[in-house]
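Everything on this sheet refers to the single structure shown next.
Below, read A as the first sequence line, B as the second, and so on, with proteins coming before strands; counting in each chain starts at 1.
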Amino acid sequence: DAKTTQPTSMDCAEGRAANLPCNHSTISGNEYVYWYRQIHSQGPQYIIHGLKNNETNEMASLIITEDRKSSTLILPHATLRDTAVYYCIVPTQGGSEKLVFGKGTKLTVNP
Amino acid sequence: NAGVTQTPKFQVLKTGQSMTLQCAQDMNHEYMSWYRQDPGMGLRLIHYSVGAGITDQGEVPNGYNVSRSTTEDFPLRLLSAAPSQTSVYFCASSYRRTGNYGYTFGSGTRLTVV
């Protein structure tokens with residue numbers, strides 16, 4: 001998988017937007033950016049993915065820079081239940097069957 | 001539609017015992033994977049499969065065997081359990097096509113080897 005870099009931890013106030021950055025400067029042209037999260041002790045949960053354009057679903061928005069070397073996951077109105085470890089993953093082109101997790105960002109949403 | 005089902009949820013083994021962790025999915029997903037997660041650590045890929053009859057090793061395959069005789073099932077076998085295999089094991093599945101909608105994970109099997 002293409003190397004990704006994420007901050008180790010972040011804090012966010014409840015009700016505010018949480019913006020989680022990810023650097024993936026070695027990403028190739030056809031490689032997607034995926035975001036997952038893992039709430040304590042549970043199995044990871046898929047959040048969103050994108051290639052070039054910004055994406056939005058019921059959980060979050062994904063903003064990918066024009067050069068595709070970085071992206072930001074946005075949780076528009078963070079709640080306490082969004083406290084989790086968030087993983088940014090770029091599966092190697094042709095290797096999307098093998099999902100390799102890094103250390104992720106521990107997001108703590110504070111009341 | 002049950003998603004990814006893992007059994008058992010909890011298991012205690014004695015050193016040297018063998019067992020099989022079961023994983024089944026009903027979404028007709030081609031890809032399936034096994035991960036382990038040690039306390040306070042990230043997920044590490046053990047084995048994965050891109051379809052029935054095809055398996056490959058991940059980051060930490062030693063001490064584990066897998067097979068994929070059907071699309072639905074991907075069991076993980078511990079050959080001779082060791083305390084170092086105490087961990088939480090997650091199974092996951094996904095569609096094959098590029099840009100697919102991500103992996104679906106099971107709720108995990110918590111294994112303790114004493």
Side-chain angles (χ1 to χ4, degrees), chain A residues 1-9 27-53 55-60 62 64 68 71 73 84-106, chain B residues 2-6 9-10 21 23 25 27 29-52 54-61 66 68 74 87-110:
Chain A
D1 289 0
K3 180 176 175 58
T4 61
T5 304
Q6 299 178 253
T8 302
S9 64
I27 193 170
S28 297
N30 293 325
E31 291 175 337
Y32 284 75
V33 180
Y34 285 81
W35 283 83
Y36 288 78
R37 73 180 181 182
Q38 186 177 26
I39 298 170
H40 180 62
S41 298
Q42 299 180 18
Q45 177 188 25
Y46 162 81
I47 301 172
I48 198 168
H49 73 288
L51 181 62
K52 296 180 181 178
N53 301 319
E55 302 288 345
T56 296
N57 62 21
E58 65 278 5
M59 291 183 65
L62 175 61
I64 302 174
R68 302 207 329 117
S71 61
L73 178 75
V85 179
Y86 288 78
Y87 298 96
C88 169
I89 301 173
V90 178
T92 302
Q93 184 178 0
S96 58
E97 68 276 9
K98 189 171 68 174
L99 202 63
V100 177
F101 286 79
K103 297 186 183 302
T105 296
K106 169 66 174 178
Chain B
V4 177
T5 302
Q6 291 185 237
K9 293 190 182 302
F10 300 93
L21 279 61
C23 176
Q25 52 93 7
M27 297 170 284
H29 285 170
E30 296 92 341
Y31 292 173
M32 295 188 76
S33 299
W34 275 103
Y35 294 85
R36 62 176 286 175
Q37 185 171 35
D38 300 332
M41 304 288 287
L43 290 95
R44 292 185 291 172
L45 181 64
I46 305 172
H47 285 284
Y48 65 100
S49 169
V50 300
I54 306 171
T55 64
D56 206 346
Q57 296 181 349
E59 304 167 271
V60 288
V66 292
R68 185 95 180 271
F74 191 42
S87 191
V88 181
Y89 292 83
F90 291 103
C91 179
S93 70
S94 170
Y95 286 115
R96 179 173 61 87
R97 66 181 183 276
T98 301
N100 61 53
Y101 290 91
Y103 273 81
T104 300
F105 283 78
S107 58
T109 294
R110 284 146 182 82

What distance do Phe90(B) atom CZ and Gln42(A) atom CD have between them, rounded to the nearest 0.5 Å?
-> 8.5 Å
Gap separating the CD atom of Glu59(B) from the CZ atom of Phe101(A), nearest 0.5 angstrom | 10.5 Å
Atom group of Gln37(B) that falls short of 4.5 Å from chain A, counting heavy atoms | side chain
Are any of the side-chain heavy atoms of Phe105(B) and Tyr46(A) separated by less than 4.5 Å?
-> no
Any side-chain heavy-atom pair from Tyr103(B) and Tyr34(A) closer than 4.5 angstrom?
-> no
Honestly, the part of Arg44(B) sitting under 4.5 Å from a heavy atom of chain A is neither
Quick one: pull up OG1 in Thr104(B) and CD in Gln45(A) and give me the separation to the nearest 0.5 Å.
-> 10.0 Å
Quick one: does Tyr48(B)'s side chain get under 4.5 Å of Leu99(A)'s, heavy atoms only?
-> no
Quick one: of Gly102(A), Pro44(A), Gly104(A), Gly43(A), who has the most non-hydrogen atom pairs under 4.5 Å with chain B?
-> Pro44(A)
